[in-house]
Amino acid sequence: MTRHLAVARLWYEANSFSPVIADRAAFERREWRTGKAALDAASGTNSELGALGDFKQARPDWEVTVLRCASASPAGPMDDDLFTEFYDEVIASIAARQWDAVYLSLHGAGVTTRRVRPELGLIAGVKSLIGETPLGISFDLHGNIAPEVVRYVAYASGYRSYPHVDMRETAARVLDRLATAAEGRLKPVGAVVKIGAMLTSFNMRTAEGPMADIEALARVLESGTVLDVSAFGGFPYADTPDAGGTAMAFADGDAEAAQRAARILAEDMFNRRAQFDVRLPTPAEGIAQALAGPPGLVCVTDPADNPYSGGFADTAGLFRALLQMRPAVPTVFAFFCDAPLVARAREAGVGAMIEVSLGGRLRPEFGAPVETRAIVLRFTDGRFVNSGPMETGLAVDLGRTVLLDIDGIQVIVTENCHPPNDPGFFTLHGIDLEQTRLLCAKVKNHFRAAFQPRAALIVDTDAPGPACLDLSQLPYRKVPQDLRLNR
Ligand SMILES: [Zn+2]
C-alpha cells in the first residue's frame, strides 16, 4: 500500500530590530517553490529538502508531495500578508486530501510584521486538520521554540551543529522517525522545557565551549527509551515571548523519560548561561590583533551586522576603523548592501572615481556613514553557488554588485543582503584569498565552516548594530522582563 507524506517549509529567522521587511522578493530570491521545482532546487544540497531524495529511495512505499517551501535570508520581520498567503496555501493543500504523515521544515525564530508566534500558529493549524496523523518538524538550533509545540507534534528535532552543517541529517532523522511512527512501529512522546534565560550565539559553536558540552550531554541522554534530545540556543534578536534557550526530548512511549531528559538538559543549559557571555574587542583592537597574527589570511568579523543574524550590511563601525588604520597589506572588506550605490557606480563605469557615503543609511542610531572616494574596479551579476561545507550547493543571488577600491582596500557593495560565508562570494569578485592578508567581514560563526581551515586567525569584534553583543541595548517589547535579566 502506498502511504502519503506532505512536506511544507518555512525557514526564516527574523531580527525584530531590522528595518528591512522580508517581502515576497526576499523569499523569491532564495526559496518560494512547490513540487518538483522545490525538489529539483534542493537535489544534492546539504539542506532539509535535500534529504527527501534519500527518504524516497529508502521507503519506496511512500509518496512524497512537496507543498509550498519558503525561505529567505534572515532580515527583519516577515511581511504578514505574505505569511498569511503561505499559511492559507499550506492549510488548503493539507485539507485537500488524506495524508499518512506531515513534515514541516521550520526555522523556529520567525516573527511577522503582526505576529510574534507565526510558526506555532502554523503548527496548530496543520494539526487541527490532520487529527491523529503524525506531524514531524525539524528546527534550526537557533529556534525560539514555543512550549506548546509538544502538544501538536509526533516527533521533532533540531540541528546539532553550529555552523549548521547537518540540516540534511536533521531532516533525515525526523523523516525516518515520523514515517516509523506513521507505520505504527514507534510511539514517540515529547517534552519541551524552556531554560529560563536568553543566550547570545557569539560563543555557541558546537565544536568547542559550552554548546559542545551541552550537545555531548544531549547525546548521553539519548539512551533507553529516549530517542532524541535537542538543545536550542534560541535567537535573541527576535522579540517574542518564546525567546530564550530550550531543551526538547522525545522518548518511545515514555513521557516521563522525555520529561526527565528535557529537564536535565534545560538545567545544564541554564547553569552554563554565563559561559555564553563573551567580551569582544572593538574593531580597532580586533584589526590590530589580526595583523599581529600568524602569516596567511587573517579575518576580522562584525557579528553585530551579520546578515544571518538579521544585520542589513549598513553599519560602518568596522569599516571606519579599517579606513583610519589603513593597513599596508592586501585588504578586503565584505560588504555594504547599498543598491543605489551599485546603480551609481554602474553609471560611472569601471575606472571612474566616485564620492561614496558608506553605511548609516537605514538606521543612523548604529553610527554615521563614512564619507570618502572610491575607484570602481569591477561589476558582477551577483550569482554564485555555495561551495560549502555550509549550505553546499545553495544558489546565491546578491543582485548586481560592484567592487570598489578605497585607499587600497577592496570593498564589495551589493544590491541584496547575504553574508560572505562562502569562498564563492569572493571568487565572484575576482578576489584571490590566497593573496589576501586581511579580510574584514560582516559575518558570525557560520563563516567559520569554510574559513576556519583557510584562515590563520579569525578575530570577532563588537560594534554598534542590530545583532550586537549587549542585549540591554535593544528595545524589547515581547520578551518577558525576567528572562532578560536572567543572563
Ligand atoms: Zn541558526
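Whatever order the structure lists them in is the order used to number ligands and atoms, beginning at 1.
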Of all residues at least two apart in sequence or in a different chain, which pass the salt bridge (Lys or Arg N to Asp or Glu O under 4.0 Å) check with D88?
none

Sequence neighbours left out, what passes salt bridge (Lys or Arg N to Asp or Glu O under 4.0 Å) with E285? Give chain and number order.
none

Residue [X] atom name (nearest to the Zn ion (ligand 1); N/O/S):
{"X": "H164", "value": "NE2"}
{"X": "D140", "value": "OD1"}
{"X": "H142", "value": "ND1"}

Report yes or no: is the cationic atom of R273 (NZ for Lys, CZ for Arg) under 6.0 Å from the centre of the six-membered ring of F270, at an angle within 45° of the ring normal?
yes

Report yes or no: does E13 have an N/O/S atom closer than 2.8 Å to the Zn ion (ligand 1)?
no

Is it true that K127 and E148 have a side-chain N and a carboxylate O under 4.0 angstrom from each other?
no

